[in-house]
Amino acid sequence: MTKLPLLAVVGLGNMGEALVRGLLERGLTEPSRVVGAEKAAPRREEMAARYGITAHPTPAAACRGAGAVVLAVKPQDVGGALADLALVLENALLVSVCAGVTLASLARPLPPGTPIVRAMPNTPALVGCGVSVYCANEHVGAADDASARALLGALGEVHRVESEPLLDGVTGLSGSGPAYVFAFLEALADGGVLVGLPRDLARALAVQTVLGAAQLAKASGEHTAVLKDRVASPGGTTIEGLRELERSGFRGAVLEAVRAATIRSRELGS
């Protein structure tokens, strides 16, 4: 197990809390080795009480002496946080989960040679079932990479890519993807209501069907086309439903959603 350095989490919103909770629940660190930074006093006090961590109002106060810093603030707050970090950061690993903020933008105000990881997690991280993809600058060595992977592992599954532009595609697929799934879940449940099912039952069936199908796809290792064909019996109900999805442009709509979100990610990053 990777021994994590003293950790500072800048931004104790949903993603910052998911990280702290995941690390503590998995026994990867302990409250005395986690320091938070949160400008909103009620949230700062809530997090300190809930998890037993120390929390400060500014990044500079929280990050002094830290071996690793997770930047989990809103994109519009990144500039101010980095300016604060530049005053105290000394050879610490910076892991950013701020959408659209490039490695170059993160490095610009910081001391030369700062090891930086840029990561794209998604919202299922809030229940420990997320997936994060990250890339690193040239100053991230093996030890820092192991720390970054352990930190992100507290949110769920982790993958590394060597090409930073791939993170735009990651944003379009897994970053935005939960919203596509939620929209599908809503439509699936509404379909059940349309044919007479009670709303609560339709929702429960929709959620468990999507969850079960995803778990089966992951556990089996088989191509999704093979799994789909096993459900679709000749002349049966499923193939009739699939025909209607094809007629309505379902696949094309999903492809275009990922492409559009990827393009928007590139625009925001520039």
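Quick note: numbers below take in every heavy atom, side chains included, and nothing from hydrogens, waters or symmetry partners. None of these values were measured; they are calculated from a predicted model.
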Please go through [X]'s hydrophobic cluster and name the other residues, only I, L, V, M, F, W, Y counting, with side-chain heavy atoms under 4.5 Å joining them.
X: Val35; value: none
X: Ile263; value: none
X: Val101; value: Val10, Val69, Leu71, Val73, Val78, Leu82, Leu85, Leu89, Leu94, Leu103, Leu106, Leu110, Ile116
X: Val133; value: Met120, Val161, Leu166, Leu167, Val170

Could you list the residues that satisfy side chain to side chain contact (heavy atoms under 4.5 Å, CB included) with [X], not counting sequence neighbours?
X: Ala99; answer: none
X: Ala232; answer: Thr238, Ile239, Leu242
X: Asp190; answer: Glu186, Arg199

Calculate, to the nearest 0.5 Å, the distance between atoms [atom1] and [atom2] belonging to [X] and [Y] respectively.
X: Thr29; Y: Leu23; atom1: OG1; atom2: CG; answer: 7.0 Å
X: Ser265; Y: Leu173; atom1: OG; atom2: CG; answer: 12.0 Å
X: Arg50; Y: Met47; atom1: CZ; atom2: CE; answer: 7.0 Å

Can you list, pair by pair, the side-chain donor-acceptor contacts under 3.5 Å of residues 253-261, counting residues two or more places apart and other chains?
unit_1	atom_1	unit_2	atom_2	d
Glu256	OE1	Arg259	NE	3.1
Glu256	OE1	Arg259	NH2	2.9

For Thr237, check side-chain hydrogen bond (donor to acceptor under 3.5 Å, both in side chains) against everything at least two apart and list the hits.
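Thr237 satisfies side-chain hydrogen bond (donor to acceptor under 3.5 Å, both in side chains) with no other residue.
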Name all residues meeting the side-chain hydrogen bond (donor to acceptor under 3.5 Å, both in side chains) criterion together with Glu267; count only those two or more places apart in sequence or in a different chain, and write none if there are none.
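By the side-chain hydrogen bond (donor to acceptor under 3.5 Å, both in side chains) rule, Glu267 matches Arg264.
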Can you hop from Leu6 to Ile53 via hydrophobic side chains spaced under 4.5 Å?
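Hydrophobic grouping puts Leu6 apart from Ile53.
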Taking only residues at least two apart or on different chains, which pairs with a member in residues 84-104 satisfy side chain to side chain donor-acceptor pair (under 3.5 Å)?
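For residues 84-104: Thr102-Ser105.
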Please, which pairs that meet side chain to side chain donor-acceptor pair (under 3.5 Å) have at least one residue in residues 150-160, sequence neighbours excluded?
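Pairs touching residues 150-160 that pass the test: Asp145-Arg160, Glu157-His159, Glu157-Lys218, Arg160-Glu162.
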Check Ala189 against Ala206 and note the closest heavy-atom contact, atom names and distance.
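For Ala189 versus Ala206, the nearest heavy atoms are N-CB, 4.0 Å.
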Do the side chains of Glu246 and Arg243 get close enough for a salt bridge, i.e. N-O under 4.0 angstrom?
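Salt bridge absent between Glu246 and Arg243.
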Polar side-chain atom of Arg21 near backbone of Leu126 as donor-acceptor pair, under 3.5 Å
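Checking the backbone N and O of Leu126 against the side chain of Arg21, a donor-acceptor pair under 3.5 Å is found.
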